[in-house]
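Remarks on the structure that follows.
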Amino acid sequence: MEYKVDENCIFCNIAHKKVPGKIIFENDYCCAFLDIRPVTIGHCLLVPKNHLQVMQQADEKTVEELFVSAKKISNAMIKGMKVKGTTVFIANGVAAGQKAPHLIVHIIPRNDSNKDLFNVPEYSMSEQELNQLRIILRKKIDLMLGKNDTEQEKEIKKEEESREEKNDELTSYLEAYADKEKSVLKEENNRGKEEEKEEEDLDRISEVFK
Amino acid sequence: MICDICAIIERKDELIYEDTDVVAFLSPAPRSVSEITIAPKKHVVVFGDCDDDILRKIGNVTNFLSKAVFEILGMDGTNIMIRNGIEGGQKIAHFSVDLLPRKRGDGINLEWQGIQAEPESLKETANILVSALSQSEKEKEVPELSEQDMTKYEIKRLRRLP
């Protein structure tokens with residue numbers, strides 16, 4: 001598999017074994033190793049093998065692999081380290097507390113020593129504010145997913161897609177036809193040249209017998 | 001007694017996203033304006049019990065919503081968290097993923113101070129985790145006995161009894 005790597009990124013270097021790290025898990029898409037400055041010993045950093053800064057840049061397969069791998073590691077922590085809880089934490093963007101230049105999925109074993117971690121006070125909102133927010137989100141999300149397109153708009157989109165497909169088919173048919181014509185012309189040319197040569201030979205022979 | 005999240009799924013009026021396996025709604029106990037909870041429709045208590053297929057879908061829905069909040073709400077960042085188990089901060093007995101949209105200067109602090117780990121501890125812990133991971137892979141490979149095999153086994157066991 002080819003990877004997009006940043007040579008100056010320490011996380012890329014650990015994931016691709018250019019510098020040593022305590023790797024505990026890897027597959028084609030991601031790699032997990034122990035944090036050397038952990039919240040608690042066992043704190044794992046799961047990173048994509050491609051250099052990505054935030055999860056929003058990741059393709060679907062990478063996202064899927066990160067979530068499934070995080071589950072495997074979390075289960076291994078519970079089984080192997082006998083902790084009763086884990087927290088998976090991702091910070092996308094500086095505003096979210098991101099410190100590293102590479103996307104990291106933190107998997108943290110939880111126990112008494114770190115029980116106050118991620119305790120954020122509840123944000124109070126009135127029922128009305130919540131409802132308004134809900135309506136806006138619902139509408140915009142449906143729009144992004146094309147759910148609110150009218151039947152007519154859906155038909156138009158479908159037609160455009162099938163027209164593009166047909167265009168592609170037609171193009172490849174025309175290209176194949178053009179190639180065929182070229183090879184037929186070439187054959188005719190060659191045959192023409194052969195016939196000319198034959199005639200020349202016949203002329204030469206008849207010269208001799210004049 | 002129905003769980004809080006199953007009740008929200010059944011009522012439908014609070015959902016902001018829904019497909020065949022996954023739903024999303026505004027968090028009942030939000031830690032920021034517009035904290036969103038993404039959950040499987042199937043009642044699964046903890047992260048570790050969620051089917052891989054459904055988890056993959058949840059991952060993609062979470063990422064989609066994480067992108068959407070930038071555009072819809074003008075946010076500057078997002079946190080994605082899975083609070084697994086009581087000690088992990090889980091409050092409702094139905095697995096879910098929390099998406100916290102963040103704005104610069106919103107006053108939410110999710111940071112921590114790391115402690116320098118001893119090399120010996122790191123080595124020991126790495127071994128424990130690698131071992132636990134490979135054991136669970138092996139457990140997956142053991143083929144389940146068919147009903148026929150189980151019956152044969154039971155008969156053999158009974159024959160051995162004095």
Side-chain angles (χ1 to χ4, degrees), chain A residues 22 24-25 34-39 41-42 44 55-56 58 60 63-64 66-68 70-81 83-98 110-111 114-115 117-123 125 130 133-134 136-138 140-141 144, chain B residues 14-17 26 29-35 47-48 50 52 55-56 58-60 63 65-68 71-72 76-90 100 102-104 106 108-112 114-117 121-123 125-126 128-133 135-136:
Chain A
K22 280 270 168 303
I24 56 134
F25 171 88
L34 293 181
D35 193 343
I36 54 171
R37 276 198 73 86
V39 167
I41 191 80
C44 280
M55 188 165 255
Q56 290 92 330
E60 281 189 10
V63 172
E64 289 167 4
L66 286 170
F67 270 77
V68 170
K71 180 180 111 172
K72 286 188 182 141
I73 296 167
S74 165
N75 283 345
M77 268 178 200
I78 292 173
K79 201 165 171 181
M81 294 175 65
V83 291
K84 296 209 175 74
T86 57
T87 299
V88 176
F89 176 84
I90 303 170
N92 292 313
V94 171
Q98 181 171 6
R110 302 294 299 275
N111 52 37
N114 59 37
K115 64 176 160 43
L117 194 61
F118 307 129
N119 272 352
V120 179
E122 259 177 51
Y123 188 91
M125 274 170 86
L130 271 172
L133 192 55
R134 206 173 275 135
I136 295 174
L137 282 169
R138 204 179 282 146
K140 295 275 177 151
I141 289 168
M144 285 170 137
Chain B
E14 288 178 44
L15 302 181
I16 57 167
Y17 172 91
L26 289 178
R31 290 165 191 83
S32 83
V33 63
S34 71
E35 178 173 345
F47 181 31
C50 186
D52 282 357
L55 191 56
R56 289 184 186 108
I58 288 181
N60 279 317
N63 203 26
L65 291 170
S66 180
K67 291 185 225 180
E71 203 182 301
I72 302 176
D76 301 324
T78 56
N79 289 111
I80 295 170
M81 295 179 67
I82 300 176
R83 294 178 168 86
N84 183 38
I86 295 177
E87 303 212 359
Q90 186 171 357
L100 241 91
R102 297 291 304 275
K103 205 123 176 79
R104 243 171 250 123
D106 58 14
I108 297 173
N109 186 4
L110 294 169
E111 304 188 7
W112 61 78
I115 42 149
Q116 190 65 36
S121 304
L122 283 172
K123 200 171 166 185
T125 311
I128 292 174
L129 289 173
V130 167
S131 175
L133 279 163
Q135 207 175 15
S136 58

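Convention: sequence-line order gives letters A, B, ...; per-chain numbering from 1.
- Listed options B:Ala132, B:Gly85, B:Gly77, B:Gly59 were ranked by heavy-atom pairs under 4.5 angstrom with chain A; first place goes to B:Gly59.
- B:Leu100 has its side chain out of reach of A:Val120: every pair of non-hydrogen atoms, C-beta onward, lies at least 4.5 Å apart.
- Within a 6.0 Å radius of CD in B:Glu71, no more than 12 heavy atoms belonging to other residues, nucleotides or ligands are found.
- Only the side chain of A:Ser74 comes within less than 4.5 Å of a heavy atom in chain B; its backbone stays farther off.
- In terms of heavy-atom proximity, A:Lys71 sits nearest to B:Gly48 at CE-O, 3.9 Å.
- Residue A:Pro121 touches chain B through its backbone alone, counting heavy-atom pairs closer than 4.5 Å.
- Side-chain contact, B:Asn60 with A:Glu64: a donor N or O sits under 3.5 Å from an acceptor N or O.
- Taking CD1 of B:Ile82 as the reference point, atom CZ of A:Phe89 lies at 12.5 Å (rounded to 0.5 Å).
- Interface remark: A:Ile36 contributes backbone and side-chain atoms alike to the contact with chain B (heavy atom separation under 4.5 Å).
- The two residues A:Ile41 and B:Ala117 come nearest to each other via the heavy atoms CD1-CB, 3.8 Å.
- Of the listed residues (B:Ile72, B:Asn84, B:Ile128), the greatest number of heavy-atom pairs within a distance under 4.5 Å of chain A belongs to B:Asn84.
- Rounded to the nearest 0.5 angstrom, B:Leu122 CG and A:Asp35 CG are separated by 9.0 Å.
- Between chain A and the options B:Gln90, B:Arg104, B:Gln116, the largest number of non-hydrogen pairs under 4.5 Å is found for B:Gln116.
- Interatomic distance, B:Met81 CE to A:Phe118 CZ, rounded to the nearest 0.5 Å: 5.0 Å.
- Residue contact with chain A, scored on non-hydrogen atoms closer than 4.5 Å, involves the backbone and the side chain of B:Glu14 alike.
- For B:Lys67, the parts sitting under 4.5 Å from any heavy atom of chain A are the backbone and the side chain alike.
- For A:Leu130, the parts lying under 4.5 angstrom from a heavy atom of chain B are both the backbone and the side chain.
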- prompt: Does the side-chain contact (heavy atoms from CB on, under 4.5 Å) test come out yes or no for A:Asn75 and B:Ser136, once each step is laid out?
  reply: CA-CA 9 Å; A:Asn75 283 345; B:Ser136 58; over 6 Å; no

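- Contact tally against chain B (heavy-atom pairs below 4.5 Å) for A:Met77, A:Met55, A:Lys79, A:Met125: the top residue is A:Met55.
- Contacts between A:Asn119 and chain B at a heavy-atom distance below 4.5 Å are absent for every atom of the residue.
- Separation of atoms CG (B:Leu15) and CG (A:Leu137) is listed at 12.5 Å; rounding is to 0.5 Å.
- The shortest heavy-atom contact between B:Tyr17 and A:Ile141 is CD1-CG2, 4.2 Å.
- If you tally non-hydrogen atom pairs under 4.5 Å between each of B:Thr125, B:Asn63, B:Asp52 and chain A, the highest count goes to B:Asn63.
- With contacts defined as side-chain heavy-atom distances shorter than 4.5 Å, the pair B:Ile108/A:Tyr123 does not qualify.
- In this structure, CG in A:Leu117 is found 11.0 Å from CD in B:Glu111, a value given to the nearest 0.5 Å.
- Open room surrounds NZ on A:Lys140; 12 or fewer heavy atoms of other groups in view lie less than 6.0 Å from it.
- Screening A:Thr87, A:Val83, A:Asn114, A:Asn111 for a side-chain contact (heavy atoms from CB on, under 4.5 Å) with B:Glu87, the sole residue that qualifies is A:Asn111.
- Judged as a side chain to side chain donor-acceptor pair (under 3.5 Å), and not counting sequence neighbours, the contacts of B:Arg102 are B:Asn79, B:Asp106.
- With a 4.5 Å cut-off on non-hydrogen atoms, B:Leu26 touches chain A through its side chain but not through its backbone.
- Ranked by non-hydrogen atom pairs under 4.5 Å with chain A, the options B:Val130, B:Leu133, B:Asp76 are led by B:Leu133.
- Annotation: the span from A:Lys115 atom NZ to B:Ile86 atom CD1 amounts to 15.0 Å, rounded to 0.5 Å.
- Contact annotation for A:Lys72: both backbone and side-chain heavy atoms come within less than 4.5 Å of a heavy atom of chain B.
- When all heavy atoms are compared, the tightest approach of A:Asn92 to B:Ser66 is ND2-OG, 3.9 Å.
- Residue B:Thr78 touches chain A through both its backbone and its side chain, counting heavy-atom pairs closer than 4.5 Å.
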